[in-house]
Amino acid sequence: QVQLVESGGGLVQPGGSLRLSCAASRSFFSINYMGWHRQAPGKERELVARITSGGTANYADSVKGRFTISRDNAKNTVYLEMNSLKPEDTATYYCNVRGRVDFIVLYDSTYWGQGTQVTVSS
């Protein structure tokens, strides 16, 4: 089984930056995509950014031009660089990976981290 551990959240002023990291406890046999979702109080979880196994990145309209997703395959880690942060970005951010943890599993599963809190406030 695999665990995803997020880090890098915290309190930042509007206009500031944070870099979130998500490290997997083990490598995956194969990966469909790696990404980040967020959930604000009283709202449903929403997709923020996703990067496919081929390196194609997609972003929610609300974060385009401000957030950048990247990965380091050697470290089994995905990152989210967040710039020009706004109060509306305040949420718990969750890492997720869809893939196969070993070769004997015949289908993909989706794995979630525990979340890291991002608060943007003056």
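Of the N and O atoms on the side chains of Gln117 and Thr92, at least one donor lies less than 3.5 Å from an acceptor on the other residue. Side chain to side chain, Arg66 and Ser84 fail the donor-acceptor criterion of an N or O pair below 3.5 Å.
Taking CE of Met82 as the start and CH2 of Trp36 as the end, the distance is 8.0 Å to the nearest 0.5 Å. Note: Thr52 OG1 to Asn58 CG = 7.5 Å, rounded to the nearest 0.5 Å. The line from OH of Tyr94 to CD of Glu46 is 12.5 Å long, rounded to the nearest 0.5 Å. Atom OG1 of Thr56 is separated from atom CD1 of Ile51 by 8.0 Å, given to the nearest 0.5 angstrom. Considering CG of Leu80 and CZ of Phe67, their distance stands at 6.0 Å, rounded to 0.5 Å. One finds the CG atom of Leu20 at 9.0 Å from the CD atom of Glu81 (value rounded to the nearest 0.5 Å).
Between Asp61 and Lys64 there is a salt bridge, since at least one side-chain N of the basic residue sits less than 4.0 Å from a carboxylate O of the acidic one.
Here the closest non-hydrogen pair linking Leu47 and Ala60 is O-CB, 3.4 Å. Across every non-hydrogen atom of Tyr59 and Thr68, the tightest pair is OH-CA, 3.4 Å. Contact detail for Met34 and Val78: the closest heavy-atom pair is CE-CB, 3.7 Å.
Not one N or O on the side chain of Thr77 forms a donor-acceptor pair closer than 3.5 Å with the backbone of Ala23. Not one N or O on the side chain of Arg26 forms a donor-acceptor pair closer than 3.5 Å with the backbone of Asn76. Looking only at distances, a side-chain donor or acceptor of Glu6 sits under 3.5 Å from a matching main-chain atom of Gln114.
Relative to the six-membered ring of Tyr33, Arg50 meets both conditions, a distance below 6.0 Å and an angle of at most 45° to the axis. The cationic atom of Arg19 (NZ for Lys, CZ for Arg) lies less than 6.0 Å from the six-membered ring centre of Tyr79 and within 45° of the ring axis.
With Tyr93 as the fixed residue, the side chain to side chain donor-acceptor pair (under 3.5 Å) test singles out one of Arg38, His37, Gln39: Arg38.
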Inset, instruction - List the steps and the verdict of side chain to side chain contact (heavy atoms under 4.5 Å, CB included) for Thr90 and Val118. - result: CA-CA 5 Å; Thr90 296; Val118 172; 5.9 Å; no

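The side-chain heavy atoms of Pro14 and Pro87, taken from C-beta on, include a pair separated by under 4.5 Å.
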